[in-house]
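So that the names make sense, note that chain A is the first sequence line, chain B the second, and so on, each numbered from 1.
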Amino acid sequence: MIALLRVEAIKLRRTWVWPLVALGPFGVVSLNALHYLLNRAGLVTPGAGAANWLRLLTGINSLLVPTLAVGVAIVAALVAGLEQRGRMWKALRALPLPAWQLYAAKFACALGVLAVASAACAVGTVALGVLLGLGPAVPWTAVAWEGVRPYLAAYALVALQLALSVLLRSQAVAIGAGILAFILSVAATALPRWLPWVYPALASPVAGIHPAPAPAALAALAAGWAYVAAGVALGIAGAAVGAWAFGRQDTP
Amino acid sequence: MIALTESIVETRALSRRYGTVTTVDGLNLRVPRGSIFGFLGPNGAGKTTTVRMLLGLVRPTAGTARLFGLDVRTHRRAVLRRLGALVESPSYYPHLTGHENLGILATLLGLPRRRVDDALDGVRLGAVAHRRVGAYSLGMKQRLGIAAAMLHEPELLILDEPTNGLDPAGIHEIRALLRSLPAERGVTVLVSSHLLREVEQIATHVGIIHHGVLMFQGDIDALRAQARARTVVAVDDAVAAQAALSRAGIAAALAGDDLVLPTADREAAAAANRALVLAGRSVFGLATERPTLEDLFLDLVGTGASL
């Protein structure tokens with residue numbers, strides 16, 4: 001399994017995965033930067049360091065969640081496409097390795113790529129706040145949880161998109177599901193809370209406190225963990241089902 | 001002879017149905033250890049499906065496939081550890097170099113890195129080892145696929161149409177490589193092709209499949225023995241001559257403007273000649289012909305089949 005993970009990293013060389021990983025967080029942070037450049041007076045209250053940081057976080061969150069939904073679909077399609085492009089599945093399946101491990105390595109690869117993107121977004125958030133002069137009161141916990149919790153809550157979506165991209169020969173359904181995920185995540189607060197597509201939005205430490213953030217809202221920080229747990233549990237279960245189906249599937 | 005030899009591949013009533021179409025129908029394949037087994041048939045005869053079932057890539061709808069005496073369904077990994085395969089078109093990561101491609105397989109198989117260089121040199125890809133495979137010619141990709149199949153020095157090499165898309169020099173090269181394997185490395189080779197002439201020079205055994213059914217299998221000399229000699233009779237009016245022979249109790253088949261007697265026996269030829277002359281027909285020539293293996297192959301699979 002370790003060998004499988006090592007080769008996943010080699011396979012990503014010279015692919016579009018890394019430029020896209022950079023593009024996602026860059027888009028989220030730079031669009032917020034633009035927003036602040038145009039409306040600085042309305043967004044930054046002099047002297048209110050913590051509230052200013054929190055407002056920045058809600059701005060980041062409003063773009064991060066839909067970007068994550070689309071990013072999951074793109075990353076899943078790309079890591080699956082690596083094998084489909086050169087007809088590698090049949091060669092890998094003819095190796096003395098369990099099929100579930102091939103699938104698990106793909107799942108881990110997608111999660112790893114998305115983790116890098118989420119971390120980059122957190123770093124970019126802090127950098128933007130500092131550049132905007134929001135002061136030294138960086139809410140480290142909230143920034144870290146904004147990076148980690150929507151990402152973890154998206155595991156269920158990763159499992160779904162990976163299954164669609166690997167198990168179906170055409171990527172049309174996977175792309176359709178990615179677009180649907182984007183729409184659902186934008187409308188997250190209006191949707192039933194059990195839908196896996198709303199987990200990343202609800203797992204955020206700033207969920208529900210937009211558009212009038214107040215420091216007191218940080219008390220609600222713990223509420224999102226239920227969605228993190230649900231996302232991770234459903235993601236692992238979904239990946240297990242995907243691996244089982246992959247093992248039973250004929251290899252074209 | 002085959003019954004006395006140990007079989008490295010043995011299938012029993014192996015079948016695969018897709019919907020209502022039976023692609024492979026009750027196949028009883030025996031590949032003797034140490035042989036070069038030419039698995040022949042027209043396109044769509046069921047060769048690739050059979051190969052995929054041998055590798056456990058496709059599950060049979062009925063029957064079993066045993067390799068090294070082990071059932072592929074239940075001992076898939078133990079079987080795959082001992083064989084190397086190239087299925088249909090070669091598999092590769094186009095954005096990685098040849099060296100990186102084989103390096104990935106070496107890592108997954110737990111092999112030392114020097115095997116990668118040896119394998120690349122073995123198929124003369126050493127000079128382009130650090131170029132992206134996407135930029136390789138089809139022949140180079142095919143050779144990379146063969147190097148990948150031989151990377152872990154398997155006992156059995158299964159190559160599905162390995163010369164597809166290769167130029168004559170490439171075909172010759174792969175043929176020479178395959179020919180050397182059983183003697184030099186003790187490898188058994190199962191090579192599929194839709195062209196008999198591609199494998200007849202190297203194969204020790206052949207299996208011929210058509211519409212999913214095995215039409216012939218055995219030692220290539222046994223196939224040659226089936227290629228019975230015949231006599232071609234050139235006459236003025238083949239139809240009238242056939243009728244005349246029929247009246248004389250001699251069976252002959254029409255072959256264009258000529259008649260064909262299913263024998264090379266001189267007395268039989270003389271008798272036919274006599275009967276034709278007595279019937280007032282002109283006989284221009286009597287020639288003994290021995291069909292080539294290709295003719296025999298075409299007889300077995302029918303000339304109407306796409307070749």
Check your understanding: Is there side-chain contact between B/Arg77 and A/Leu97, with heavy atoms separated by less than 4.5 Å?
Key -> no
Review point. Salt-bridged, A/Lys90 to B/Asp160, with N to O below 4.0 Å?
Key: no
Practice item. Could you please spell out the steps behind the side chain to side chain contact (heavy atoms under 4.5 Å, CB included) verdict for A/Leu12 and B/His95? Key: CA-CA 9 Å; A/Leu12 293 178; B/His95 61 291; over 6 Å; no
**Study point:** Side chain / backbone / both / neither for A/Arg6 at chain B, heavy atoms under 4.5 Å
**Key:** side chain
Review point. Do A/Asp250 and B/Leu57 come within less than 4.5 Å of each other through their side chains, counting heavy atoms only?
Key: no
Exercise for review: Give the C-alpha distance, both sets of side-chain angles, the deciding distance and a yes or no for side chain to side chain contact (heavy atoms under 4.5 Å, CB included) between A/Leu92 and B/Leu108.
Suggested key: CA-CA 9 Å; A/Leu92 293 176; B/Leu108 293 178; 3.9 Å; yes
Exercise for review: Inspect the surroundings of CZ in B/Arg73 and state if more than 12 heavy atoms from other residues, nucleotides or ligands are less than 6.0 Å away.
Suggested key: yes
Point to revise | More than 12 heavy atoms from other groups under 6.0 Å of CD1 on A/Ile2 | key: no
Study note, to complete from the structure: Rounded to the nearest 0.5 Å, the CD1 atom of A/Ile10 sits from the OG1 atom of B/Thr107 at a distance of 5.0 Å
Practice item. May I have the step-by-step check of side chain to side chain contact (heavy atoms under 4.5 Å, CB included) for B/Leu80 and A/Leu95, ending in yes or no? Key: CA-CA 6 Å; B/Leu80 292 177; A/Leu95 294 175; over 6 Å; no
Review point. Is there a side-chain contact between A/Pro96 and B/Val79, using heavy atoms and a 4.5 Å cut-off?
Key: no
Review point. What do you reckon, is CZ of B/Arg17 surrounded by more than 12 foreign heavy atoms closer than 6.0 Å?
Key: no
Check your understanding: Can you tell which of B/Ala85, B/Pro90, B/Gly110, B/Ser91 has the highest number of heavy-atom pairs within less than 4.5 Å of chain A?
Key -> B/Ser91
Practice item. Please look at B/Leu105 and chain A and tell me whether the side chain, the backbone, both or neither of the residue comes under 4.5 angstrom of a heavy atom of that chain. Key: side chain
Review point. Does A/Trp140 CH2 have over 12 foreign heavy atoms under 6.0 Å away?
Key: no
Point to revise | Test log, rule side chain to side chain contact (heavy atoms under 4.5 Å, CB included), inputs A/Gln249 and B/Arg59 | key: CA-CA 9 Å; A/Gln249 195 182 41; B/Arg59 37 182 80 219; over 6 Å; no
Point to revise | Side chains of B/Glu100 and A/Lys11 in contact at under 4.5 Å (non-hydrogen atoms) | key: no
**Study point:** Heavy-atom proximity to chain A below 4.5 Å, by part of B/Arg81
**Key:** both
Point to revise | Contact check, side chains of B/Tyr93 and A/Glu83, non-hydrogen atoms, under 4.5 Å | key: yes
Check your understanding: Highest number of heavy-atom pairs under 4.5 Å with chain A: which of B/Leu96, B/Val58, B/Thr48?
Key -> B/Val58
**Study point:** Side chain / backbone / both / neither for B/Thr97 at chain A, heavy atoms under 4.5 Å
**Key:** both
Check your understanding: Among side-chain atoms of A/Arg87 and B/Ser89, is any donor-acceptor pair under 3.5 angstrom?
Key -> yes
